[in-house]
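Source: prediction; values computed, not measured. Labels below follow one simple rule: chain letters A, B, ... track the order of the sequence lines, proteins then strands, and each chain is numbered from 1.
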Amino acid sequence: MSQKAEKLIDKKGLRLDGRKPDELRPIKIEVGILSNADGSAYIEQGKNKILAAAFGPREMHPKHLALPDRMVIRCRYHMAPFSVQERKSPSPSRREIELSKVIKESLEPTAFMEYYPRTGVDIFIEVLQADGSTRCASITAASVAMADAGIPMRDLVAACSAGKVDDTIILDLMDTEDKQGSADVPVALMPNQNAITLLQMDGTLTSEEFENAVNLALEGCRKIYAMQKEALKTKYVDVKEVEE
Amino acid sequence: MNSSERKSGKIVLPGDSLGVIEEFTPDPGTYVKDGIIYSGIVGRALLDLSNKRVSVYPLVHGAKIPKIESIVLGQVSSVQAENASIRIFKIGNKQLSGFFTGILHISDVQPSYVESMFDVCKPGDIMRAEVISEKNQVYHLSTKDRNLGVVYAFCSQCGYELEAKRQTAYCPRCGKIEKRKTTLDYGKGAL
């Protein structure tokens, strides 16, 4: 793993997997694939494979965590031991705990929390296979799972990352680009509200590069949003056809 | 947004705009931000052009919590002299993934006087009840209607399913006679 790739971007300006700098990985989103959850979604973004499940709103346990005026979102982001090349300990690591919090906070602005006082919504995100930008793919899947659970929301959340490798701003980083590149900017967006719910940066960028990266990521978010919509619509159109 | 996009019955997702408040009154399933009406759920847009109202009919019947007047089904988890606490697992027709806790007070069991809560239900029984209040962060239940009360009960001596016999419940296996506030459709599998 540690050997450096010679070049992350070749002479033709293409990346390791043959993508152009502003190209997303192929994305597949499926809705409602877990029967025990109130809402669920599965996303494949390149080699990423992520399951998200949403439960609730339901009574909070332990009860002292419930809030009298609104619901609480709890989120668990977890990577399966087999999701990366070297076995990952199944216990939640520092990174996973932080990502759980970050994902929770990027989903909170969308839900109508005040409609369901004293209840809780649980979101479980299981990374089955990881290949960079899993937090973005997780947010994308989790927001679809919440919509599938019927939780009233202001908007869906689509997330995408941008970054810099070999002095080029690129969209949707994969694992090697994330590790060997010089910067990573994950962005989550509520497309209809045009509101950013997550914005992080890892590495160094000049303010101009940062602006370009954010704009590229936002463009990616809008493309992913179209796929989220498509996935949700296909599910409900199919359901209707079965009923008729 | 052009007019061809705005058709009744179109599938809308959270965040899809449905119009502006000058044209429609927003109804359930929608919300308003900066004068624009958006859908709040996954559903079908219903545009009522004669009454100038817009709502979204949900395609997913999720996100249900007990409301006043909703009929709930639950299992009795504990009984005290004047109160019984009930684990609600179904609201209307919707099975919950978790549960809510409700309280049935002796004064809300039936219109006539009740001596003790132990004559109404026992732990493990399945009850149908109506939510009458959600004050003090607790769902208060009532079984005053004849269709409300115990729908399934089990013998406190041998655990066998009880049969309703006039005003009492009778155990066909050990012959024990117990008291229950049964519904009209008791034991008919009406879960």
Handout entry: Reported OH-to-CG distance for the pair A:Tyr225 and B:Leu13, which is rounded to 0.5 angstrom
Key = 6.0 Å

Exercise for the section: Considering only heavy atoms and a distance below 4.5 Å, find which of A:Gly39, A:Ala66, A:Ala149 pairs most often with chain B. Expected result: A:Ala149

Exercise for the section: Indicate yes or no for a side-chain donor-acceptor contact from A:Asn192 to the backbone of B:Gly15 under 3.5 Å, with no hydrogens or angles considered. Expected result: yes

Practice task
Give a yes or no on whether B:Asn93 atom CG has more than 12 heavy-atom contacts from other residues, nucleotides or ligands under 6.0 Å away.
Solution key: no

Practice task
Measure distances from A:Ala147 to the heavy atoms of chain B and classify the residue's part below 4.5 Å as side chain, backbone, both or neither.
Solution key: both

Practice task
For the residue pair A:Phe112 and B:Tyr31, categorise the inter-ring angle as parallel (less than 30°), tilted (30 to 60°) or perpendicular (more than 60°).
Solution key: perpendicular

Handout entry: Residue A:Asp122 versus chain B: region with a heavy atom under 4.5 Å
Key = neither

Exercise for the section: Give the intermediate values and the outcome of side chain to side chain contact (heavy atoms under 4.5 Å, CB included) for residues A:Thr119 and B:Ile65. Expected result: CA-CA 9 Å; A:Thr119 61; B:Ile65 58 170; 4.0 Å; yes

Handout entry: B:Ile41 side chain near A:Pro152 side chain, heavy-atom distance below 4.5 Å
Key = yes

Practice task
Kindly compute the distance separating CG (A:Asp38) from NZ (B:Lys94), expressed to the nearest 0.5 Å.
Solution key: 5.0 Å

Handout entry: Which atoms of B:Lys64 approach chain A - backbone, side chain, both or neither, heavy atom under 4.5 Å
Key = backbone

Problem - Heavy-atom contact with chain A under 4.5 Å, split by part of B:Asp16 - result: both

Problem - Contact origin within B:Ser39 toward chain A - heavy atom pairs under 4.5 Å - result: backbone

Exercise for the section: Output the distance between atom OH (B:Tyr38) and atom CE (A:Met153), rounded to the nearest 0.5 Å. Expected result: 15.0 Å

Handout entry: Crowding at CD, A:Glu114 (>12 non-hydrogen neighbours, <6.0 Å)
Key = yes

Exercise for the section: State the OH-CD1 distance between A:Tyr236 and B:Ile11, to the nearest 0.5 angstrom. Expected result: 9.5 Å

Handout entry: Atom CZ of B:Arg146 with >12 non-hydrogen neighbours under 6.0 angstrom
Key = no

Handout entry: Within 6.0 angstrom of B:Lys179 NZ, more than 12 heavy atoms from elsewhere
Key = no

Handout entry: Which atoms of A:Arg154 approach chain B - backbone, side chain, both or neither, heavy atom under 4.5 Å
Key = both

Practice task
Taking all non-hydrogen atoms of both residues into account, name the closest pair between B:Phe100 and A:Pro57 and its distance.
Solution key: CZ-O, 3.7 Å

Problem - Residue among A:Met190, A:Arg58, A:Met60, A:Gln228 with most heavy-atom pairs under 4.5 Å to chain B - result: A:Arg58

Practice task
Check for a donor-acceptor pair, side chain of A:Glu59 on one end and backbone N or O of B:Gly98 on the other, with a separation under 3.5 Å.
Solution key: no

Fill in the blank from the handout: Cut-off 4.5 Å, heavy atoms of chain A, and the answer for B:Gln95 is neither

Practice task
To the nearest 0.5 Å, tell me how far B:Ile36 CD1 sits from A:Gln193 CD.
Solution key: 9.0 Å

Exercise for the section: Kindly check if the number of other-residue, nucleotide or ligand heavy atoms within 6.0 Å of CZ (A:Arg74) is above 12? Expected result: yes

